[in-house]
Amino acid sequence: MPARTVALFEAQCAQCLRLFAHPSLGDAAYAQLLLCSGDGRHHAVLDGFADVPAQVAALLPDDVALWPVLAALAVPPTQSHWTLTLHCPHCGAADPAYQQGRRCGSVEVPMACFAHPADGIAAGVAQIIARQ
């Protein structure tokens, strides 16, 4: 599975007050987003220039945001789902007290992947739009 090396930064959860390291693409990332699982234990890099995101963008009406739809279409981690927000890996809260603390290394983060065959993308997008 393709991956990208990204920097790790210190964060603290405002709920459980525990410190944790999380990957960050930084301010220089263009058309890329970091997905975080709902339990905070998994991350994936979403590349907006890849084939599936381009197909999805072409299907979306102007009033529907691209990134949440892509997060919903990406293959989720086991027993979780993708979100666009940072979650604490200790308690799962999406409430960081801070998230760009000191740099504490780097990590390989897998690229987000999509299981839908090409003809299933349109159906998946239609379902997501209907739920909004």
Side-chain angles (χ1 to χ4, degrees):
M1 177 182 305
R4 178 170 168 202
T5 302
V6 298
L8 283 172
F9 287 91
E10 179 183 87
Q12 183 178 30
C13 179
Q15 298 299 310
C16 72
L17 304 178
R18 293 184 66 182
L19 295 175
F20 61 95
H22 71 93
S24 175
L25 296 173
D27 294 335
Y30 181 73
Q32 292 188 335
L33 187 74
L34 197 65
L35 299 177
C36 183
S37 62
D39 62 8
R41 296 179 183 180
H42 305 279
H43 297 88
V45 176
L46 184 53
D47 182 359
F49 289 125
D51 291 341
V52 171
Q55 293 170 12
V56 171
L59 295 169
L60 290 180
D62 291 339
D63 63 339
V64 176
L66 175 63
W67 296 115
V69 173
L70 291 174
L73 289 173
V75 174
T78 304
Q79 298 180 350
S80 192
H81 61 282
W82 290 124
T83 71
L84 303 178
T85 56
L86 180 63
H87 289 257
C88 174
H90 303 290
C91 71
D95 187 16
Y98 68 89
Q99 63 187 32
Q100 293 298 337
R102 67 178 174 83
R103 185 175 175 160
C104 50
S106 61
V107 66
E108 289 287 311
V109 177
M111 300 301 291
C113 59
F114 300 88
H116 302 282
D119 58 344
I121 294 293
V125 169
Q127 289 175 350
I128 292 166
I129 292 171
R131 287 189 296 227
Q132 290 185 351

Between [X] and [Y], which heavy-atom pair has the shortest distance, and what is it?
{"X": "L46", "Y": "A71", "answer": "CD2-N, 4.4 Å"}
{"X": "V6", "Y": "P23", "answer": "CG2-CB, 3.4 Å"}
{"X": "L59", "Y": "A122", "answer": "CD1-CA, 3.7 Å"}
{"X": "W82", "Y": "A74", "answer": "CD1-CB, 3.7 Å"}
{"X": "A115", "Y": "V75", "answer": "N-CG2, 3.4 Å"}
{"X": "L25", "Y": "L33", "answer": "CD1-C, 3.6 Å"}

Are [X] and [Y] side-chain neighbours, meaning at least one heavy-atom pair lies under 4.5 Å?
{"X": "R4", "Y": "V109", "result": "no"}
{"X": "L34", "Y": "V45", "result": "yes"}
{"X": "L70", "Y": "F114", "result": "yes"}
{"X": "P53", "Y": "D47", "result": "no"}
{"X": "C104", "Y": "F9", "result": "no"}
{"X": "H43", "Y": "L86", "result": "yes"}
{"X": "F20", "Y": "L8", "result": "no"}

So does [Y] get a backbone contact from the side chain of [X], meaning a donor-acceptor N/O pair under 3.5 Å?
{"X": "H87", "Y": "D39", "result": "no"}
{"X": "T83", "Y": "G38", "result": "no"}
{"X": "H22", "Y": "Q99", "result": "yes"}

Review point. How many angstroms lie between atom NE2 of H42 and atom OG of S80, to the nearest 0.5 angstrom?
Key: 6.5 Å
Point to revise | From H90 atom NE2 to L17 atom CG, the distance as rounded to the nearest 0.5 Å | key: 11.0 Å
Review point. Any chance CZ of F49 has more than 12 other-residue heavy atoms, nucleotides or ligands included, within less than 6.0 Å?
Key: yes
Review point. Around D95, counting heavy atoms of other residues, nucleotides and ligands shown, do more than 12 lie under 6.0 Å from its CG?
Key: yes
Practice item. Take Y98 and L19 through the test side-chain contact (heavy atoms from CB on, under 4.5 Å) and record every step on the way to the result. Key: CA-CA 10 Å; Y98 68 89; L19 295 175; 3.3 Å; yes
Under a single-linkage definition using a 4.5 Å side-chain heavy-atom cutoff for Ile, Leu, Val, Met, Phe, Trp and Tyr, are [X] and [Y] assigned to the same hydrophobic cluster?
{"X": "V125", "Y": "L84", "result": "yes"}
{"X": "V64", "Y": "L66", "result": "yes"}
{"X": "V107", "Y": "M111", "result": "yes"}
{"X": "I129", "Y": "V52", "result": "yes"}

